Amino acid sequence: MGTLTVTDAVPVDRLVAWLSSFRDAVHEQGAYLTELDSAIGDADHGVNLVRGMDAVMAAVDPPPSTPGELLKKVGMTLVTSVGGASGPLYGTFFLRGAAAAGDASALDGAALLTMLRAGLEGIVARGKAEPGDKTMYDALAPALAAFERSLSAGEHLAAAARAAAGAAADGRDATEPMLALKGRASYLGERSVGHIDPGAASSALLFEALADSLDAR
Ligand code: ADP
Ligand code: MG
């Protein structure tokens, strides 16, 4: 892994900016996310995330003092405020990320990667998604791989997050021709083909928000 300077460590307020940016994005794109979910689900994905992220932003004001405590609060809030598959799945992502963050006061690139990886492992443990099943995993996994590649090449956090966001968007687009094998969309069988997965689309927003919040230095 490339050398990371001290200025690359992400403190709590920067993570709050990430969450706030994600909240704004799900508000802006909520109708689109729900439209995607109306094609292969039950038309609530945008509504679910708007409710969840509004509850999250209320719960983290004032922010807890460490990244670990912050992420734990986010995860618990999502699990309890969002019905449907995505609440528990995103909630688990943040809860596992919180455990990985421990009691560090800020997360450097390696710690951020460890946190995100633990989160993704939590999603897999909970939802059993495999690559190509047409879920959020198909945006998150390539995003993390790109993040790791970029950090290993010695790039700074903001650049790594930007690379991850690009990979997440590609992963989102790649779900369109896939046959859904997990979640509600799998009930549609072949009729799930030809639509972007809503969770993959929201996961791309999550990484775009991360890149934006790390860029704004
Ligand atoms: P619900 O499907 O319960 O209505 P949402 O509409 O909020 O919940 O979220 C749907 C998204 O959840 C899907 O687009 C998919 O990305 C994700 N999802 C569903 N089941 C799984 C699973 N088992 N593993 C990973 N992601 C999943
Ligand atoms: Mg739904």
Side-chain angles (χ1 to χ4, degrees), residues 22 25-26 29-49 52-53 75 78-79 82-97 100 112-153 160-211:
F22 182 52
V26 299
Q29 308 274 324
Y32 167 68
L33 294 173
T34 286
E35 187 188 314
L36 292 178
D37 198 31
S38 76
I40 58 170
D42 57 352
D44 66 355
H45 190 56
V47 176
N48 284 343
L49 289 185
M53 289 311 297
L78 289 174
V79 167
V82 182
S86 64
L89 289 167
Y90 276 125
T92 300
F93 176 82
F94 285 103
L95 285 172
R96 294 287 190 98
L112 198 54
L113 175 62
T114 300
M115 182 277 276
L116 295 167
R117 277 235 172 278
L120 181 59
E121 280 163 19
I123 286 180
V124 171
R126 184 138 198 168
K128 311 277 180 272
E130 293 182 28
D133 280 355
K134 195 180 181 99
T135 70
M136 53 177 69
Y137 178 91
D138 294 311
L140 293 170
L144 287 198
F147 191 69
E148 181 162 24
R149 265 197 312 277
S150 183
L151 288 181
S152 300
R162 191 57 68 193
D170 290 346
R172 169 200 64 206
D173 294 344
T175 64
E176 187 167 352
M178 290 176 185
L179 178 72
L181 294 175
K182 291 287 181 314
R184 221 175 259 286
S186 65
Y187 308 158
L188 289 182
E190 291 291 339
R191 280 185 293 137
S192 66
V193 172
H195 304 279
I196 286 175
D197 177 66
S202 59
S203 288
L205 294 179
L206 184 66
F207 270 88
E208 208 174 289
L210 180 65

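What you see is a predicted model; the values in this text were computed from it and never measured.
A side chain to side chain donor-acceptor pair (under 3.5 Å) check over residues 84-97, counting only residues at least two apart or in different chains, returns the pairs Y90-S202, Y90-S203, T92-R126. Legend: salt bridge (Lys or Arg N to Asp or Glu O under 4.0 Å) pairs involving residues 132-143, not counting sequence neighbours, sorted by first then second residue: D133-K182.
In this structure a side-chain-to-backbone donor-acceptor pair under 3.5 Å is missing from S192 to L188.
Considering NE2 of H45 and CG of L33, their distance stands at 5.5 Å, rounded to 0.5 Å. To the nearest 0.5 Å, atom CG of residue L140 and atom CZ of residue F147 are 13.0 Å apart.
L49 and F22 make their closest contact through CD1-CZ, 4.4 Å (heavy atoms, listed as atom of the first residue, atom of the second, distance). Of all non-hydrogen atoms in V79 and G91, the two that sit nearest each other are CG2-CA, 3.7 Å. Taking every heavy atom of both residues into account, T135 and A200 meet most closely at O-CB, 3.8 Å. The shortest heavy-atom contact between I40 and R191 is CG2-O, 4.4 Å. In terms of heavy atoms, A146 sits closest to A163 at CB-O, 3.8 Å.
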> Between L89 and F93, does a side chain to side chain contact (heavy atoms under 4.5 Å, CB included) hold up when you go through it step by step?
Replying inline: CA-CA 6 Å; L89 289 167; F93 176 82; over 6 Å; no

> How far apart are the C-alpha atoms of N48 and D37, what are their side-chain angles, what is the distance that settles it, and do they pass the side chain to side chain contact (heavy atoms under 4.5 Å, CB included) test?
Replying inline: CA-CA 11 Å; N48 284 343; D37 198 31; 5.7 Å; no

> Yes or no on side chain to side chain contact (heavy atoms under 4.5 Å, CB included) for D42 and R184, after CA distance, side-chain angles and deciding distance?
Replying inline: CA-CA 8 Å; D42 57 352; R184 221 175 259 286; 3.0 Å; yes

>> side chain to side chain contact (heavy atoms under 4.5 Å, CB included), that's the test. Do T114 and R117 meet it? Break it down for me.
In response: CA-CA 5 Å; T114 300; R117 277 235 172 278; 5.7 Å; no

Quiz: residues 170-177 side-chain donor-acceptor pairs under 3.5 angstrom, not counting sequence neighbours:
unit_1	atom_1	unit_2	atom_2	d
T175	OG1	R172	O	2.6
T175	OG1	D197	N	3.0

